[in-house]
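Numbering of residues begins at 1 and proceeds along the displayed sequence. Computed over heavy atoms, backbone and side chain alike; hydrogens, waters and symmetry mates excluded.
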Amino acid sequence: MSKALGLLEVFGFTTAVVIGDMIAKAADVNIVALDKNKPANGDAAEVPLLMTIKFEGDVADVEQALMVGVEEAKRRNLLVTYDLISRQAEDTKKMARIAATGKDKLNG
């Protein structure tokens with residue numbers, strides 16, 4: 001059975017770690033990677049680093065965890081975007097584990 005994938009992009013490393021922790025505690029999900037991206041105009045931004053929290057689980061759990069993360073990111077005014085893929089293709093599972101953070105990626 002294919003797991004759902006949650007993607008939550010926020011500004012800042014600390015924000016990603018704190019919200020990732022909240023996501024992991026909110027439902028039965030596993031964080032599979034934290035990915036970083038510095039946009040071309042990042043130096044001009046108040047918070048120049050974008051982070052994507054990638055997590056998997058059953059659809060209902062991923063949806064619940066995603067909403068917790070989205071609400072906290074909105075509360076902090078640091079939300080970029082988010083999405084839920086309800087049934088990942090095998091290639092999507094592989095891509096989800098690719099992270100620009102290299103050795104820092106999680107093996108979940």
Side-chain angles (χ1 to χ4, degrees):
M1 181 180 197
S2 185
K3 292 183 175 183
L5 174 67
L7 301 160
L8 176 57
E9 190 170 53
V10 297
F11 287 106
F13 178 78
T14 301
T15 305
V17 171
V18 170
I19 292 178
D21 181 63
M22 292 176 74
I23 284 170
K25 291 174 180 173
D28 187 16
V29 297
N30 292 315
I31 306 291
V32 295
L34 290 176
D35 201 3
K36 67 180 178 177
N37 179 31
K38 184 173 180 182
N41 66 344
D43 290 334
E46 186 175 330
V47 181
L49 183 66
L50 299 180
M51 295 292 299
T52 303
I53 308 160
K54 302 173 187 178
F55 52 100
E56 293 177 331
D58 292 337
V59 174
D61 287 321
V62 170
E63 188 172 37
Q64 178 181 344
L66 185 60
M67 289 303 99
V68 167
V70 166
E71 289 306 312
E72 181 62 18
K74 283 181 180 177
R75 188 185 73 75
R76 294 169 178 250
N77 199 30
L78 295 171
L79 177 67
V80 178
T81 190
Y82 61 95
D83 211 333
L84 184 147
I85 298 172
S86 61
R87 212 183 67 208
Q88 296 178 77
E90 286 303 313
D91 286 343
T92 305
K93 286 182 188 180
K94 292 174 190 173
M95 287 187 297
R97 284 166 171 72
I98 295 172
T101 52
K103 293 180 182 175
D104 296 334
K105 72 180 176 181
L106 303 173
N107 298 312

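Hydrophobic clustering keeps Val18 apart from Val80 (ILVMFWY residues linked when any side-chain heavy atoms are closer than 4.5 Å, directly or through intermediates).
The two residues Val62 and Ala4 make their nearest non-hydrogen contact at CG2-O, 3.7 Å.
With contacts defined as side-chain heavy-atom distances shorter than 4.5 Å, the pair Thr81/Thr52 does not qualify. Annotation: side chain of Lys3 is not in contact with side chain of Phe55 (no heavy-atom distance under 4.5 Å). Lys25 has its side chain out of reach of Met22: every pair of non-hydrogen atoms, C-beta onward, lies at least 4.5 Å apart. In this structure the side chain of Ile23 never reaches within 4.5 angstrom of the side chain of Val68, judged on heavy atoms. Side-chain contact check for Leu8 versus Ile19: some heavy-atom pair is nearer than 4.5 Å. Contact check for Met51 versus Thr15: no side-chain heavy atoms found under the 4.5 Å cut-off. In this structure, the side chains of Leu7 and Ile53 stay at 4.5 Å or more apart for every pair of heavy atoms.
Considering only residues two or more places apart in sequence or on other chains, Glu63 meets the salt bridge (Lys or Arg N to Asp or Glu O under 4.0 Å) condition with none of them. Residues satisfying the salt bridge (Lys or Arg N to Asp or Glu O under 4.0 Å) test with Asp28, not counting sequence neighbours, are none. Scored by the side-chain hydrogen bond (donor to acceptor under 3.5 Å, both in side chains) test, Glu72 finds Arg75, Arg76 as partners (sequence neighbours excluded).
For the atom pair Leu66 CG and Glu71 CD, the distance stands at 10.0 Å (nearest 0.5 Å). Taking CZ of Phe11 as the reference point, atom CG of Leu50 lies at 5.5 Å (rounded to 0.5 Å).
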Exercise for review: Using the side-chain contact (heavy atoms from CB on, under 4.5 Å) rule, take Val70 and Leu79 through it: C-alpha gap first, then chi angles, then the decisive distance, then the call.
Suggested key: CA-CA 7 Å; Val70 166; Leu79 177 67; 4.1 Å; yes

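A salt bridge between Lys54 and Asp35 is present, with a side-chain N of the basic residue lying under 4.0 Å from a carboxylate O of the acidic one.
For Glu56 (side chain) and Gly6 (main-chain N/O), no donor-acceptor pair under 3.5 Å exists by modelled atom type.
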